[in-house]
Visitor: 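Submitted below is the structure of interest, expressed as structure tokens.
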Amino acid sequence: MNLLGAYNPGSSLLHRLDAGVRVIVFSLFAASILLLDGYGFIISLAMLLLLYRASGVPILPQLRSIGRFRAFFITVFLMNAFFQPSSDSFFSWWIITFSWRGIAMGLRMVISVILMVVLSSLLTAVATPVSIADGLRTVLHPLSFIGIPVDQAAMIVSAAISFIPVLASESESILLACRSRGAVPEGKNSIARARSLVPLVLPVFLAAFRRADELSLAMEARGYRGEKGRTRRKGMHVGKAEIIMLLSGGLMLSLSIIVKGVL
Amino acid sequence: MLSITADDVSFSYGMEDVLSHVSFSIIGPGKTVILGANGSGKSTLMKLIDGLYPLRRGRIEVNGLSVSDSNAIPAIRASVGIVFQDPDSQFVSPVLEEDTAFGPENLGLDREEVERRVSRSLELTGLSAFRLRVPQTLSGGEKERAQLSGVLALSPEVLIFDEAFSMLDSISRREVMGIVNPMRKDHLLVFITHDAEEAVDADTVIIMDKGRIIASENPRDTLSRSDLLRSASIRPPFAVRMRDALKKRGIDVGSPLTMEELEAALWN
Amino acid sequence: MELRLENASIQRGSFRIPPVSLSIDPGLSILMGRSGSGKTTLLMMLSSLIPLCEGRLLADGKELQGHSRRIAVIFQHPERQLFASTVFSDVSSGLSGLGLDRDEIRKRTEAALVQAGIDRRKWTCSPFSLSGGERRRAAIAGALIAEPDAVLMDEPDVGLDDASRSFLSGLVASLRDRGCAVLMTTHGCDDAEDADRVMIMEKGRIVQDGTPDEVLSFTDEAVLSTRLGLGRIVRFEELADRIAERMRGME
């Protein structure tokens, strides 16, 4: 229940932030993570631990759910380790090049992705999809003047976020049902198991479409006819809490720029 | 004026007609029950009434507005509230008060009015204490009430319940009905169901079978006709079944619809 | 098969079932309760599909480590789990991995499809070309094709049309004859009057457990019979007989 997309109610500073400010703050932290690749990731990790602590959202379940996707991360790592062209390699044959550089790149990529996922999970844990959409809308509003459909894009993002836990639980039930019919071989043969999961994509897709269909019908029945004309939340409100977080975000970003320059 | 009228409505999803030449007239306020088995077309009819599906054959008017008139659709949607069967696919937000606000926000009302309506709806459904809760984590009965709050926030004059309480146990059902029943005095309530017991206290019962209306009268003239109900794959109310069983055994107890009427007819 | 939970507990998300010891014998057992009472979770504990937090699950006295195919689970809306390209291959997939030869698989699949009342011509079509009721019957046939000794069904009668309803009762009857342990969760009381055992759950615990006569106090039949002073009668026809008797006696 602590996957990306699951809202975790609370009353911490992060929960109470203005929607628009929160989007900006998280963007600052995200930029810091991207800049702090390499050994700087220790700083990013410390920052994340601090943020989780401050919000009251438990971090261990997030790490555990990332652990469930280790096959994905291992693949990303291997793809980098073995396919990164480098002059200084252990051995190279055809397109395969195994080198320190490749290993380093692989590790950096995997770590960056993991840290970003952990940060995003925190955002979806402290903010409902509606408030993330509101925040995006407020912050990106200027772009609408040059023709970019900001409102609709924000709504799509928030709908997508809210569907992640729904699809996760549907997939879980479909997988359980198929396992009970013996359609998924047990045991350690991962390749056979992976192959047997392929036909399950269809029922999961159907479940997704069915849910989307029901939800859109319900939204229409409740009067939704697009983003135009909808009551908007009040504009950005910047109080003490917002200033604290904006300063923290700014500080973090400056720190990461410095560290990047130094290393 | 509270009314829903249909005139020679037919509808199909593909090859076969799901609704054939359906005509009826419901005048409110009051409680109407549309009774039909799965596949009788009752849910489709409801979706046509709210303009959710396009109507090509026949006419439907809600409070005098035609569902085929696209300019009238927003007004129709604002005056018709639908409570669906599966609450889990209805919530648009993981915070109850945000979800309840969805309807009024769509109407473009100003912020204070939206807040007022949210508070009032949550009070009506007894969920004020659950404002900040995640609707999906509520119990079955509470979820239905949460859905109801979202719908009531639109201040609709017509309320349609599409098999809304079929998943609930009897205690939760009684709780929700306790909130809904009093509304029949000044709203038009339409219950769509396959459970004949729910139709016993209705003002009008409309029975549907395979896309057609086969009866449309008061409860006593419809629900006591067990042959009619069975031909539409509907199980008659308990009191009616018992009356039939006793008649087979040579005992005549008249025409009771409820347990109380049945009891009164026995031992007398 | 006798399925037994010994001091088993589970925690799924925020939902917890405290340690429970329970034994399901051959015959029909019904599990009733409000939504959120834990019926489905208890059913999953008996399924051997998910690990228990504490305690153990035994089948005929032997502890089960992981999933056993002798226990079949039929989830809500089984028709949503169809995934193969033809009706035939979907139903026969239940027989994979059992070491049967192809002829045997084909014979059993054909028999199952015939019993489910699905027209021969549709067997090589996509599962999605079947009607709703046919799809559900095919899904159930597929789940039961390996002839399990225990069948756990989660609200199997929700949203069923008439043909499928009679298929389901016929199925349950033949499973009982075969000596299977069948456990069904349900909201309503319809099937409960013929069951061997009825359990009622509330907030994760079993609060009532006994025969239909002992447990069902809130059905229309039970309420009426009690109010008429006839004691508690749970079966409809029996109640009608007794009332008729009384009325005739009073004339």
Side-chain angles (χ1 to χ4, degrees), chain A residues 1 3 5-11 15-16 19 124-134 137 151 155 158-170 173 207-235 237, chain B residues 43 46-47 49-53 70 73-115 117 130-137 147 150-154 156 160 162:
Chain A
M1 276 332 295
L3 290 176
Y7 177 69
N8 210 314
S11 50
H15 282 92
R16 289 180 282 123
T124 56
V126 301
T128 68
V130 171
S131 92
I132 293 176
D134 279 340
R137 230 179 265 124
D151 286 351
M155 199 274 288
S158 74
I161 293 174
S162 65
F163 259 64
I164 297 174
V166 166
L167 291 184
S169 71
E170 289 271 3
S173 359
F209 279 116
R210 197 183 327 113
R211 289 284 201 154
D213 201 36
E214 283 169 0
L215 182 61
S216 59
L217 211 66
M219 284 170 72
E220 279 195 306
R222 284 163 76 177
Y224 185 76
R225 38 192 169 126
E227 294 293 309
K228 274 172 58 184
R230 291 198 85 230
T231 313
R232 289 279 165 252
R233 308 260 149 171
K234 25 196 189 289
H237 160 256
Chain B
S43 286
M46 172 205 64
K47 293 185 183 132
I49 290 173
D50 202 25
L52 292 169
Y53 286 171
S70 46
I73 296 283
I76 292 179
R77 299 237 178 108
S79 54
V80 173
I82 305 182
V83 180
F84 292 88
Q85 184 176 35
D86 182 14
D88 277 320
S89 31
Q90 309 302 312
F91 296 120
V92 294
S93 162
V95 172
L96 181 58
E97 63 175 4
E98 219 175 53
D99 184 81
T100 305
F102 184 72
E105 281 173 356
N106 288 331
L107 296 176
L109 303 167
D110 62 55
R111 199 78 242 162
E112 288 83 38
E113 177 63 19
V114 171
E115 315 259 309
R117 289 201 185 191
F130 291 84
R131 255 181 187 263
L132 298 174
R133 290 276 305 270
V134 180
Q136 290 87 338
T137 61
Q147 231 204 105
V151 167
L152 289 177
L154 288 168
I160 303 182
D162 184 13

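Note on naming: letters A, B, ... go to the chains in the order of the sequence lines (proteins, then strands), and numbering restarts at 1 for each one.
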Visitor: What residue, out of B:D110, B:L132, B:V95, B:D86, has the most heavy-atom pairs lying under 4.5 Å from chain A?
Guide: B:V95

Visitor: B:V134 and A:Y7: which non-hydrogen atoms are nearest, and at how many Å?
Guide: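 Minimum heavy-atom separation between B:V134 and A:Y7: CG2-CD2, 4.3 Å.
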
Visitor: Under the rule for side-chain contact (heavy atoms from CB on, under 4.5 Å), what residues qualify as partners of B:P135, not counting sequence neighbours?
Guide: B:F91, B:L96

Visitor: In terms of heavy-atom proximity below 4.5 Å to chain A, should B:F102 be classed as side chain, backbone, both, or neither?
Guide: both

Visitor: Please name the pair of heavy atoms, one in A:R222 and one in B:Q90, separated by the smallest distance, quoted to 0.1 Å.
Guide: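 Closest heavy-atom pair between A:R222 and B:Q90: NH1-O, 3.5 Å.
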
Visitor: Heavy-atom pairs under 4.5 Å with chain A are the metric here; pick the option from B:L107, B:L109, B:I82 that has the most.
Guide: B:L109

Visitor: What is the distance from atom CG of B:N106 to atom CE of A:M219, rounded to the nearest 0.5 Å?
Guide: 7.5 Å

Visitor: Sort A:T128 into side chain, backbone, both or neither according to what part of it lies under 4.5 angstrom from a heavy atom of chain B.
Guide: both

Visitor: Side chain from CB out, backbone as N, CA, C, O: work out which of these in B:V114 comes under 4.5 Å of a heavy atom of chain A, or both, or neither.
Guide: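 Only the side chain of B:V114 comes within 4.5 Å of chain A.
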
Visitor: Restricting to non-hydrogen atoms, name the atom on A:G223 and the atom on B:R77 that form the minimum distance, rounded to 0.1 Å.
Guide: CA-CB, 4.4 Å

Visitor: Provide the closest heavy-atom pair for B:D88 versus A:R211 in the form atom of the first, atom of the second, distance.
Guide: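 Nearest pair, atom of B:D88 first, then A:R211: O-NH1, 3.9 Å.
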
Visitor: Using a 4.5 angstrom heavy-atom cutoff, name the option from B:G51, B:A153, B:P94, B:A78 with the most pairs to chain A.
Guide: B:P94

Visitor: Which heavy atom of A:T231 sits nearest to which heavy atom of B:P104, and what is that distance?
Guide: OG1-O, 3.9 Å

Visitor: Heavy atoms only: give me the nearest A:E214-B:S89 pair and the separation to one decimal.
Guide: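 In terms of heavy atoms, the two residues are closest at OE1-OG, 2.8 Å.
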
Visitor: State the CG-CZ distance between A:L215 and B:F84, to the nearest 0.5 angstrom.
Guide: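 Going from the CG atom of A:L215 to the CZ atom of B:F84 covers 10.5 Å.
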
Visitor: More than 12 heavy atoms of other residues, nucleotides or ligands under 6.0 Å from CZ of A:R225: is that the case?
Guide: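 No, because the 6.0 Å sphere around CZ of A:R225 holds 12 heavy atoms or fewer from other groups.
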
